[in-house]
Amino acid sequence: MTRKVISIVGGGIGGIAAGIALLQAGFTVRIFEKARQLREAGAGVSLWPNGTAILSELGLLSGVLKHGQIGTHFLLRAQSGELLMNISTAKADTPTVCLHRGDLLRVLAQAMPLECFRLNHELTGVELNGQRVCLQFRDQDSFVCDGVVGADGIHSRLRASLGYHRTPSHRGYTIFRGLTDPPQDLPLHNGESWGAGYRFGTLAIGGNKVCWYATVNSSALSHPAEERKGRLQEIFKTWHDPIPRLLAATDPSMIMAANACDLGPSRRGSGPVTLLGDAAHVLTPNLGQGACMALEDALVLAKSLSCNSSVSMGFRCYESLRFSPVRSAVLRSRWLGAIGQWESRIAVSLRNLVTRGLPAHLFECHSTLAEHMALLTGQC
């Protein structure tokens, strides 16, 4: 029996993870990437137990752990340094790990045969012909396959080709990210500190590197690159250690900025075409779940295709299974970000008081690996 050919448009974390899962499920896979080489922009990425559970299921967790750093606690603080909550991240079957996005991409790419990749392929059009799909590329031959997965990011061309012209919504603040070598005497814990309209977080990502992020209330991205470090140092100069020292140690060229945006999932794709990761849904980074949701998408997609007789039916099953959990994650992340960006001193004092009194176990993951896998794919 001829194996079905599934094309993936986009060679990022979600797209390659989907390719691995589909290969393991017995499909022929081609990954089309418009860039001439695989690369992942950004700094650090956090993989909570639901994300590392997927990597374990795919046989990739040990490789990821070689590059990243396991976190056992996530500390939530006030800007003074007062501890508000200590969230344990070590009570699940798989660990929480933080690493550079580029390292995660390399581990994934190395698990895919080279012949599966088609670089320098920029999508220009998609034609549906019954249960077959023809992909057209700029200055390249077209390609016919049994199904297409759009994993081409937040500004997905494939999403637009399906008639979904929604764009991610700005949530009222800007996110800055930086990467630095911490001072040797710096005691560092993964965590986030909350102020009035500002937040600052740190992630130890292995290799003696620290990824930090900062949020600033803003109607739009309005900080020129050359002014970012000075602006952030002014905002956070009175915050607790090590925040001022981390900013001082950061090369200005390593500071990136983007608007905080999100986009809820759609209920349906079209025929043998579907979307995955940021092409399907966009989360603000407040839960650290962007990459985790893409990894979950990848596994559920492969399981759903394996359980259905046609690609279109498999895609609809996948979309149905993912809608509610992804929508919940988008809304929870939006809500947490809104609370974290409160500016009123009274509201901030009340927020900190309530947070200090909440039991940390409400935010901890206690499910087993088997329970998590059953929850993700049990309805397939």
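Bear in mind that the values here come from a model prediction, so they are computed numbers and not experimental data.
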**Request:** Please list, chain by chain and in numerical order, all residues satisfying ring-ring contact (aromatic ring centres under 6.0 Å, His included) with Phe200, sequence neighbours excluded.
**Result:** Trp212, Phe236
**Complete:** Between the CG atom in Leu38 and the CG atom in Leu105, the distance rounded to the nearest 0.5 Å is 6.0 Å
**Message:** With rounding to the nearest 0.5 angstrom, report the CG to OH distance, Leu305 to Tyr318.
**Reply:** 10.0 Å
**Message:** Hydrophobic cluster membership, with links at side-chain heavy-atom distances under 4.5 Å among I/L/V/M/F/W/Y: are Leu128 and Val9 in one?
**Reply:** yes
**Message:** I'd like to know if Ile339 and Leu75 are part of one continuous hydrophobic network [Ile/Leu/Val/Met/Phe/Trp/Tyr, side-chain heavy atoms within less than 4.5 Å].
**Reply:** no
**Prompt:** Once you round to the nearest 0.5 Å, how far does CG of Leu203 lie from CD of Glu192?
**Reply:** 9.5 Å
**Message:** Would you compute the distance between atom CG of Asp146 and atom OG1 of Thr28 and round it to the nearest 0.5 angstrom?
**Reply:** 9.0 Å
**Item:** Polar contact flag, side-chain donor to acceptor under 3.5 angstrom, Arg332-Ser328
**Value:** yes
**Item:** Charged tip of Arg199 within 45° of Tyr173 ring normal and under 6.0 Å
**Value:** yes
**Message:** Are Ile6 and Phe117 linked, directly or through intermediate hydrophobic residues, by side-chain heavy-atom contacts shorter than 4.5 Å (ILVMFWY only)?
**Reply:** yes
**Short side-chain to backbone donor-acceptor contact, Thr52 and Pro95, under 3.5 Å** = yes
**Message:** Between Val282 and Phe323, is there shared hydrophobic-cluster membership here, with clusters defined by ILVMFWY side-chain heavy atoms closer than 4.5 Å?
**Reply:** no
**Distance-only side-chain donor-acceptor flag, Gln289 / Asn50, under 3.5 Å** = yes
**Request:** Can you measure from OG1 (Thr274) to CZ (Arg322) and round to the nearest 0.5 angstrom?
**Result:** 11.5 Å
**Asked** Salt bridge between Arg316 and Glu319, side-chain N to carboxylate O under 4.0 Å?
**Response** yes
